[in-house]
Amino acid sequence: MLATGLVAVLAASACAESDREEPTGDGDTPSGGTLIFGAAGDPKVLDPAFASDGETFRVLRQIYEGLLTTEPGSANLVPGLASDLPEVSEDGLTYTFPLREDVVFHDGTDFNAEAVCFNFDRWLNFSGTAQNPGVTPYWQDVFGGFADTPDTPNIYNSCEATDEFTAEITMNVVTSRFPAALSLPSFSISSPAALEEFEADNVTGSGDAPTYPEYAMEHPTGTGPFKLDNWDLANGAITIVRNDDYWGETAILDEIIFRTIPDGNTRKQELEAGEIDGYDLVAPGDYTDLEDNGFDVLPRDAFNILYLGMNQGAWEGAAAAGINPALADIRVRQAIAHAVDKESIVSSQLPDGAEAAIEFMPPTVDGWTEDVTVYDYDPERARQLLEDADAVGTTLKFYYPTDVSRPYMPDPGAIFEVISQNLQDAGFAIEPVALTWNPDYLEATANGLADIHLLGWTGDYNDAYNFIGTFFDAKAGGIGKLDFGGYNNEELFTAFAEADSEPDPAVRTGLYEALNAQIMDFLPAVPVSHSPPALVVADNVEGLVPSPLTSEDFSTVSLTS
Amino acid sequence: MLRFIARRLLQLIPILFGLSILLFVWLRQLPGGPGRALLGERATAEQIEAINEQLGLNDSIFVQYWRFLSRVLQFNFGTSIQTGRPVTTEFFQRFPGTVELTLFAIAFAIILGIPLGYLAARRHGSFLDSASVVASLLGVTIPVFFLAYLLRFGFAVELGWLPGSGRQDVRLDATHPTGFFVLDGVLTREYDAALDAFLHLVLPGIALGTIPLAIIVRITRASVLDVINEDYVRTAESKGLATSTIRRRHILRNAMLPVATTIGLQTGLLLSGAVLTETVFAFGGVGSFIADAIGQRDYAVLQGFILILAVVYVLVNLLVDISYGLIDPRVRVR
């Protein structure tokens, strides 16, 4: 047996050769060094059209660019591959994008208006497995359906290259999502030549076995300051190297290695051991410790919301599911809003820089307004409202998730404790229901099984609808989300439709401000807080600007000795 | 012997068939489905419905099972919904890591455990004996994630002697023809890469090896204590055999049978993936991937991985049965 093993090893040895690249060391280009960044998970796929999660976006943002992007450190929309913000036609349907003229893709082909239209047409014409909402979630979320799905309306109409560097994009309807959504990595521009060569659209397999094509796994080809060098799945590492032909300021670093380290404690210890230079999703409890040890904690501006959902029990079957009818009474919902001590949650449970929320979007989003009904912490008033509604002692099934930490909710159990105590002080009885986050908890709340529940959202791009529309606009069947009891508030739904389809940005902002006021009077949930997530880097890492949208650009990062 | 092996391999068929049915039914009893798991808080009811339709989850469970079974017979376990890659590719990419880690942990447990257990028994009632009993109790009870944290803090953060996570330094740009990183380094003559991969095994290997170590110490001790009081040992002593011969041929050999069983069972267990150890050491093996797959309701991965691991488990135990024959001629299989 041993002999057989030895023979096998020798045989393998004969055909195994090192394919290591020896360092060239020509000394012509200055060495910027290697940055190793700890990521919480592997990227899933390297074709932006199929990407939707934060870890994938982090890598893709360095390799690809879209027509629009966000200003470093803010959520403001600025030109990316477009040389200026688009000119909008009077009816709000046609967007004319002037393009940069000095851009080449990583494969050496030219970037131009035809390449832009090629990408838009590609997204519209996805077929088969690529139409799975798990494969192309952001296209479907923002634009709707595909060329061959007439039943699912599509808001994108066409793209025309009016000259080499001007792309004219026409929409079917006006929506506040466009063009803001173009800052999402999912709508980055790929090289048409590479898309064709590596059969990017060929998402094969039957419905229950989708397989991504070569382009998405090995040959991502964009225009960004870095390009893919190696994706070592067995070792949980992806390496990108500087693109020396970048049209803008070239990156300082030679290469970046994103190393997958799922456990938060391990990421922290690896930073302390000097094995990595930085990581994301820092636990709020670690901020002080890390800073005391000389690391730079970089908090982002909060671009999220934590809310306490309240179930009005208006959906068919709510009574059978045991939903408390008391929450249909606005006074009971107001009592809950007055009972919750947001300031104490912010000061005791959330990191520095967190703030209490008065509505369901952070102040940085256009449409936020001070002019809404504010429900101050007032247990007396809460109790009075409950008495008026004859609902003292009402039992609420309070759902909260376990084993999860979200940017807007670092420790759900602790936040639950505070709110639960607040509500009991005001005269409610609480029946706690703790469930595993995904999918148990999400499934239960989405099916309208909780009387009240904790949930939140991190914005995708700077657009009011991306926050309040996601929560409170009409969903399937023309009613609100079951999370909030499937209410049927025609007035609210009409206001959403008006605001979303308003072409004039200034008018639209006014409409969203009015909507925020309307929502806070209707009170389908209690806005609790905005909480800033943070990155941390070693003290020799400079130039990383934290972005509220977690869309950090690593090309400005340098390592000092 | 061959008939014995063939019989054991044939027994795999009903085991795998039964397991596949149990798995199939159990997975579909879990609340929530892949659609919700995939899209998280962003999922809408229509999207979940569309995903279920595409994945064929709206068909009856019999149809789904039949589809699964006919694919498995062609060694096609489907595709992971988490990564979009075939389940077999995912498995064979991760399994070498788990094998390396298991071999290190078991070797650590055997090399320390058998001598310690033997010495404890020989010096029954001494300080060494009591200490080994207490230490092995501690080894079984200490939570792996806590031990992992302590080991990493001491040896990686404070002393900087050993790497604290991962399978290999990502800067090495090592070649991986087989996926067994230590072996790869030797085969490709990238000896620095082999050494680095080996060093990466030390902390997770020790963390993982403590429980088998504690069990092996206890079993060896008990087994040796049984054997040294046997008549044949006394006979050997009275006929004047050299002590070393008695120890080697009469005590150790006879005491090894239960120890071999334990080693086999433990190896089988470790091979099926050390979820916690792999997760806290960011060691990309099968265990951490299975844990993720449960959270993601990745049915294809769970079904595929667990079935393949069941085969591995049965094969390891077959090897243990064969090793009985080497240790004890009486159980040599006819």
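All figures in this text were calculated on a predicted structure; none of them were measured in a lab. Below, chains carry the letters A, B, ... as their sequence lines are ordered, and counting in each starts from 1.
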Contact origin within [X] toward chain B - heavy atom pairs under 4.5 Å:
{"X": "D42(A)", "answer": "side chain"}
{"X": "D232(A)", "answer": "side chain"}
{"X": "T266(A)", "answer": "both"}
{"X": "I257(A)", "answer": "side chain"}
{"X": "I36(A)", "answer": "side chain"}
{"X": "Q269(A)", "answer": "both"}

Over 60° means perpendicular and under 30° means parallel, so tell me whether [X] and [Y] are parallel, tilted or perpendicular.
{"X": "Y307(A)", "Y": "H453(A)", "result": "perpendicular"}
{"X": "F75(B)", "Y": "F77(B)", "result": "perpendicular"}
{"X": "W437(A)", "Y": "Y441(A)", "result": "parallel"}
{"X": "F91(B)", "Y": "F305(B)", "result": "perpendicular"}

Which atoms of [X] come close to chain A, meaning under 4.5 Å heavy atom to heavy atom: side chain ones, backbone ones, both, or neither?
{"X": "H200(B)", "answer": "neither"}
{"X": "F153(B)", "answer": "both"}
{"X": "R167(B)", "answer": "both"}
{"X": "Y149(B)", "answer": "both"}

### Query
Of all of R152(B), Q93(B), Q168(B), which one pairs up most often with chain A through heavy atoms under 4.5 Å apart?
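The residue among R152(B), Q93(B), Q168(B) with the greatest pair count is R152(B).
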
### Query
Are E190(B) and T175(B) linked by a side-chain donor-acceptor pair shorter than 3.5 Å?
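On atom types as modelled, these side chains qualify, holding a pair under 3.5 Å.
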
### Query
Between D289(A) and K268(A), does a salt bridge (Lys or Arg N to Asp or Glu O under 4.0 Å) hold up when you go through it step by step?
CA-CA 10 Å; D289(A) 189 29; K268(A) 178 167 178 270; 2.7 Å; yes

### Message
Centroid separation under 6.0 Å, is that true for the rings of F50(A) and Y215(A)?
### Response
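Y215(A) vs F50(A): aromatic centres not under 6.0 Å.
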
### Query
Does R259(A) count as lying over the ring of F37(A), i.e. NZ or CZ under 6.0 Å from the six-ring centre, within 45 degrees of the axis?
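Relative to the ring axis of F37(A), which defines the angle, R259(A) lies outside at least one limit.
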
